[in-house]
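Encoded as C-alpha cells, the structure appears first; notes follow it.
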Amino acid sequence: MNKITLNFNQSKGIIAPEIYGHFSEHIGGVFYDGLWVGEDSKVENIRGFRKSLVDSFKKIAPPVLRWPGGCFAEIYDWRDGIGPREKRPRRVNWWYYCDGRVESNQVGTHEFMDLCGMVGAKPYIAANMTSVSPLHVRDWIEYCNFPAGLTTLSDERAANGSPDPFNVQYWGIGNENWGGGGQMTPERCADEFIRYTTICRSLGTKDLKFIMCGANAHDLEWTRRLMKQWSSRTFHETPAWGVSVHYYTFALNGKDDVNFDEAGWYEELFKADYMRRIVDDHREIMDEYDPERQLKVVVDEWGNWHIDGTGPSKGYNLFEQQSNIRDAMVAAITLNFFNNRCDVVGMANVAQLCNNLHSLYLAGGENFVETPNYHVFAMFKDHQGGKHVETAVTAPELEKEGFDNLSTLSASSSLKGDTLTITLGNLDLAASKDVKLESIGRTIKGQGTMTILTADDPMTCNTFENPFAVLPTEKSITLHGDDTITLPPHAIVKLSIKLDAE
Ligand code: AHR
C-alpha cells in the first residue's frame, strides 16, 4: 500500500526560499548566447539579457542566484567586469583548456545585479580565495554595498551607473578549494577563510553571510578537518554563516543523458537520493564542532552531470546536456528532501541555469526552451517560505548495494495560511501508484488543483524543434479527507489545496 501521512503537529520549520536557488557561471554557454545576448542583438532582450528567459525565470520566483562561478570564480578579477563594456579586458577563461573560450567580461557585477533585480533574486557572489588578495575581496564588498558619496569605491560604482548599493548579503569565500580552488588542505582552507573574512571586519559585517568551502560529495574527512580547524579559533572576527557542499550525480554507466534503460533510470534516482547521506552525514560531523547549529548547510552546486554533447549546441557549449523526465525526477526527489531537511539546509543552488548541467533552460540564437527541470521548479515554488509539514511515506523500496533503500515514492508538504502544498514523485518507471492521503492534526479537506508532469516516454525532452513536448497538466480537485489519488508512472505531482476551516 502507498500512503503519505501528514502530521500537522510536527514541522521542521519554515522552508527557506533560498533552498530554491540557482547558479550561473561564466562557463560554456551559460552567459554568452544563453542568458546574455547583448543589447545590440536581434534576439529580444532587456538591457542585454534574453527577454524570453528573464520572463520565464521571474515566474518561478528565484530567491537567489550564485555567480560568477564555480571554478571560474577562482580566477575572476571583479575589476575586469566594471566600467564601459567596450573597454573591458578579454581574458582566458578558467575553462579555456576544455573549450578554448575567452571571457569577454561583457557581463560583470552591474549586469549581474541588473539580472537579479529583474527576476527578484538575491545575489550570491562566489569570491576568489585563490588568486587574489583578501583586500581585493574586501574592496568588492565595499564597492557593492557602501552608500554612494561615502568612499572612492562606492563613488566609482555610482559613476558606473548604480548609485544605489547592491546590498549583497551572501558571499562565498572560495570555491572547491579542495580542487580547482588551489588544491588546499582543509586546514589551509579554514585558515584562508578566516584570513579573508577577518580582513572584511572593517566593513561592519553584521548583514553579511559568509560561506566557507565545504566538501566534495561524501568527503566527510574534509568536513571533519575543516570544522576542527575553523572551530579551533574560539573567536571569529566575522563568523561564518554556512558551509558549502557540492554533489553531482555522475552517470557512470557510459550512457548519454537522453537515452537510458530501466537500470539507468533507477541508478540515477539512487544517486539523487544519496543527497540524504550527503547532508545528514556532513551535518552530523558539523554537530561535533557546531553543536548549536549556527552554521547552515549550503548545497551551492547540485544536479545531474551526464556525458555532455546531446544538448542543442552538440558539444560546443561545455557541459551542456539535454533533460528529460529522469532529470525532472532527480530535481523533485532533491527538492522534496531539502524541504524535509529545512532545519539544516539554508540554501541550495541547482547547477546550472542555462545551457549546462541540469539546466532549466536551453537557448541559442533566437531559440529558447524550458526543460522539464524548469517545470519542477515552477511546480514546487509554493513551498518557498511555507511551514514544513512532517510527511511520512509508506511505499515499496528498492535496494542497491552502497546506497540506502530507495523509496519509490518521494513527498514533502508545506502550509502557507490555509493553502497546503504537497509535492510527490512516483519513482516507479512502469507502474502507476494509488496513494492514500492520511493526516494527523488537521483533515486534508478542501478544493484546489492537481498538477502532473510526466510523458508517455520518460526520455522525452523539450527541444528547439518541439519545445512543448513535456508540459505539466493541471486539473481541479476536491478532497474530502483520507482520499486516494492516482499518480501515473514516472510522474511528478503537485497538490495545491485550500483547506476548509475546521
Ligand atoms: O558546475 C560546473 C563546475 O562543477 C563548477 O565550476 C565547479 O565548481 C564544479 O566542479
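All ligand and atom numbering here is 1-based and tracks the order in the structure. All values below come from the heavy atoms of this structure, side chains included, with hydrogens, waters and symmetry mates left out.
A salt bridge links Asp287 and Arg283; the closest N-O separation between the charged side-chain nitrogens and carboxylate oxygens is under 4.0 Å.
Screening residues 310-333 for ring pair (Phe, Tyr, Trp, His ring centres under 6.0 Å), with sequence neighbours left out, gives Trp95-Phe319, Trp305-Phe319.
Here the side chain of Asn355 pairs a donor or acceptor atom with the backbone of Ala363 at under 3.5 angstrom.
Scanning for ring pair (Phe, Tyr, Trp, His ring centres under 6.0 Å) contacts around Tyr289 gives an empty result, with sequence neighbours left out.
Below 30°, between 30° and 60°, or above 60°: for Tyr20 and Phe377 the angle between ring planes is above 60°, a perpendicular geometry.
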What side-chain donor-acceptor pairs closer than 3.5 Å can you find for residues 75-84, not counting sequence neighbours?
residue: Asp77; atom: OD1; partner: Arg79; partner atom: N; Å: 2.9
residue: Asp77; atom: OD1; partner: His136; partner atom: NE2; Å: 3.2
residue: Trp78; atom: NE1; partner: His136; partner atom: O; Å: 3.0
residue: Arg79; atom: NH2; partner: Glu156; partner atom: OE1; Å: 3.0
residue: Arg79; atom: NH2; partner: Glu156; partner atom: OE2; Å: 2.4
residue: Asp80; atom: OD1; partner: Arg91; partner atom: NH2; Å: 3.1
residue: Asp80; atom: OD2; partner: Arg91; partner atom: NE; Å: 2.8

Could you pull out every N or O of ligand 1 that sits under 3.5 Å from a protein N or O, with the distance for each pair?
residue: ligand 1; atom: 1 (O); partner: Tyr248; partner atom: OH; Å: 2.8
residue: ligand 1; atom: 1 (O); partner: Gln352; partner atom: NE2; Å: 2.9
residue: ligand 1; atom: 4 (O); partner: Glu301; partner atom: OE1; Å: 3.3
residue: ligand 1; atom: 6 (O); partner: Glu25; partner atom: OE1; Å: 2.7
residue: ligand 1; atom: 6 (O); partner: Glu25; partner atom: OE2; Å: 3.0
residue: ligand 1; atom: 6 (O); partner: Cys71; partner atom: N; Å: 2.9
residue: ligand 1; atom: 8 (O); partner: Asn175; partner atom: ND2; Å: 3.1
residue: ligand 1; atom: 8 (O); partner: Glu176; partner atom: OE1; Å: 3.4
residue: ligand 1; atom: 8 (O); partner: Glu176; partner atom: OE2; Å: 3.2
residue: ligand 1; atom: 8 (O); partner: Glu301; partner atom: OE1; Å: 3.1
residue: ligand 1; atom: 8 (O); partner: Glu301; partner atom: OE2; Å: 2.7
residue: ligand 1; atom: 10 (O); partner: Glu176; partner atom: OE1; Å: 2.7
residue: ligand 1; atom: 10 (O); partner: Glu176; partner atom: OE2; Å: 3.1

